[in-house]
Asker: 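Below is the structure I would like to discuss, written out as structure tokens.
Numbering of ligands and ligand atoms starts at 1, following listing order.
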Amino acid sequence: MTPRPPIVLDSDPGIDDALALQYLLGTGRWDLKAYTSVGGNLPAEQTYLNARALTRAFGIDADVPVHRGAGRPLTRLPYTAATAFHGPAGLGNETLPDSTAARLPESSAQALLRLSRQYEGELTVCATGPLTNVAIALLEDPGFAHRVRKFVFMGGAAQVPGNITPVAEFNIWADPDAAEVVLSSGIPFTMVDLDASHHWLVRPADLAVLEAAGPGTALAARLLRAYMDAYQRHGGDDACPLHDPLAVGACADESYLTTAEGAVIVESTSELTRGKTVFVPSAASRVFYADSPTLTARMALTGRVALGPGPRDFTKDFVATLPRWPGVG
Ligand code: RIB
Ligand code: CA
């Protein structure tokens, strides 16, 4: 049997982060080497506790180590108000028991660096929260960018409005300096942004399927209902986007996305534009920023950027995959 490729999931659970973990496990495609938490939706200590609890909820706490992320963004103050979408402790209305696994002294960034060396050329890193841990790993050892086989992150808005401000998506906005460190590192990236994630939604009919699928998806169904209610309270439809699960899906199959090659430069010089991801298509005329040697050089560091949904139905695959890895009831 072909060994499953190694992956690290770096997350700020968070409701859709939790769903991304169960989806990753349900695909059966990956050897999850570590679950590294990062501050974002909630402060780092809370997302660490949530990550520990989720490994217990999905029965992997004896096998998958959880690491604690950086205590704050690189330069900005931690953000604490995502509770409006993710609930008071970040997992809807759930109070999940802590894992019994020992707390590990190795930080998320240290674990990322260690695993990039141990699985050089093989490791996929999927980030579904702010990029603080990945940036710290790169600042400590720029070679991380070239040891990772693939880096997929949920974040950014290439050609659509933002969600935390009119121009910025939350994960990038929360730590824009970290995002610029990562996107200017030369790491082979795929940006799973709002341009794509806002097209892959869970609607009531999808939720009904998960509610009827038995106790193994009961937790996911409750989390989704809480997320959908939050989106409705904030003026959305009776639906919620699968931001983070889509990033996990794209690690294995980018046909859920329509992508273009290009550079992504993070603007953070003003509170008005903080975290704006400026997408510069590789096919663009070279007159863009021609008067700026710095920006012209920056435009040479490219990756794949989602500009919309792809031909493969991610919502359909997500709903079919989740029951394959039952969580607690
Ligand atoms: O903008 C969506 C992202 O922000 C998702 O990762 C969600 O979990 C929140 O962190
Ligand atoms: Ca997240």
Asker: Is it the side chain, the backbone, both or neither of D16 that has a heavy atom closer than 4.0 Å to ligand 1?
Answerer: side chain
Asker: For ligand 1, note which part of D17 has a heavy atom under 4.0 Å away: side chain, backbone, both or neither.
Answerer: side chain
Asker: Could you list the atoms of ligand 1 found under 4.0 angstrom from a heavy atom of F170?
Answerer: 1 (O), 4 (O), 9 (C), 10 (O)
Asker: Any non-hydrogen side-chain atom of D237 less than 4.5 Å from a side-chain atom of Q232?
Answerer: no
Asker: Look at atom 9 (C) of ligand 1 and say which protein heavy atom is nearest, naming residue and atom and giving the distance to 0.1 Å.
Answerer: N41 OD1, 3.2 Å
Asker: Could you state whether Y227 and V248 fall into the same hydrophobic cluster, counting links through intermediate Ile, Leu, Val, Met, Phe, Trp or Tyr residues with side-chain heavy atoms under 4.5 angstrom apart?
Answerer: yes
Asker: Indicate yes or no: does R52 engage D61 in a salt bridge with an N to O separation below 4.0 Å.
Answerer: no
Asker: Give the atoms of ligand 1, by number and element, whose distance to some non-hydrogen atom of D12 is under 4.0 Å.
Answerer: 10 (O)
Asker: Could R225 and D229 be called an ion pair, given the rule that one side-chain N must be under 4.0 Å from one carboxylate O?
Answerer: yes
Asker: Is any NZ, NE, NH1 or NH2 atom of the basic residue among D206 and K316 found under 4.0 Å from an Asp or Glu carboxylate oxygen of the other?
Answerer: no
Asker: Does this structure show an ion pair linking E140 with R114, if we count only N-O contacts that are shorter than 4.0 Å?
Answerer: no
Asker: Any nitrogen or oxygen of Y227, side chain or backbone, less than 3.5 Å from one on ligand 1?
Answerer: no
Asker: Salt bridge check: are E45 and R68 linked by an N-O gap of less than 4.0 Å?
Answerer: yes
Asker: Would you call E180-R298 a salt bridge at under 4.0 Å N-O?
Answerer: yes
Asker: For ligand 1, is any non-hydrogen atom under 4.0 Å from N163's backbone (N, CA, C, O), its side chain (CB onward), both, or neither?
Answerer: side chain
Asker: Which ligand 1 atoms, with their elements, are less than 4.0 angstrom from a heavy-atom of M154?
Answerer: 2 (C), 3 (C), 5 (C), 6 (O)
Asker: Using a 3.5 Å cut-off on N or O atoms only, is H243 in polar contact with ligand 1?
Answerer: no
Asker: Identify, by atom number and element, the atoms of ligand 1 in contact range of E169, meaning under 4.0 Å from any of its heavy atoms.
Answerer: 1 (O), 2 (C), 3 (C), 4 (O)
Asker: Identify which protein N/O/S atoms are less than 3.0 Å from the Ca ion (ligand 2).
Answerer: D12 OD1, D17 OD1, D17 OD2, T128 O, D244 OD2
Asker: Which ligand 1 atoms are under 4.0 Å away from a heavy-atom of D244?
Answerer: 5 (C), 6 (O), 7 (C), 8 (O)
Asker: Only one of N41, N50, T128 clears side chain to side chain donor-acceptor pair (under 3.5 Å) with D12; which?
Answerer: N41
Asker: Assess R274 against W173: is NZ or CZ under 6.0 Å from the centre of the six-membered ring, and within 45 degrees of the ring's axis?
Answerer: yes
Asker: Is atom CG of N93 surrounded by more than 12 heavy atoms (other residues, nucleotides or ligands) closer than 6.0 Å?
Answerer: no
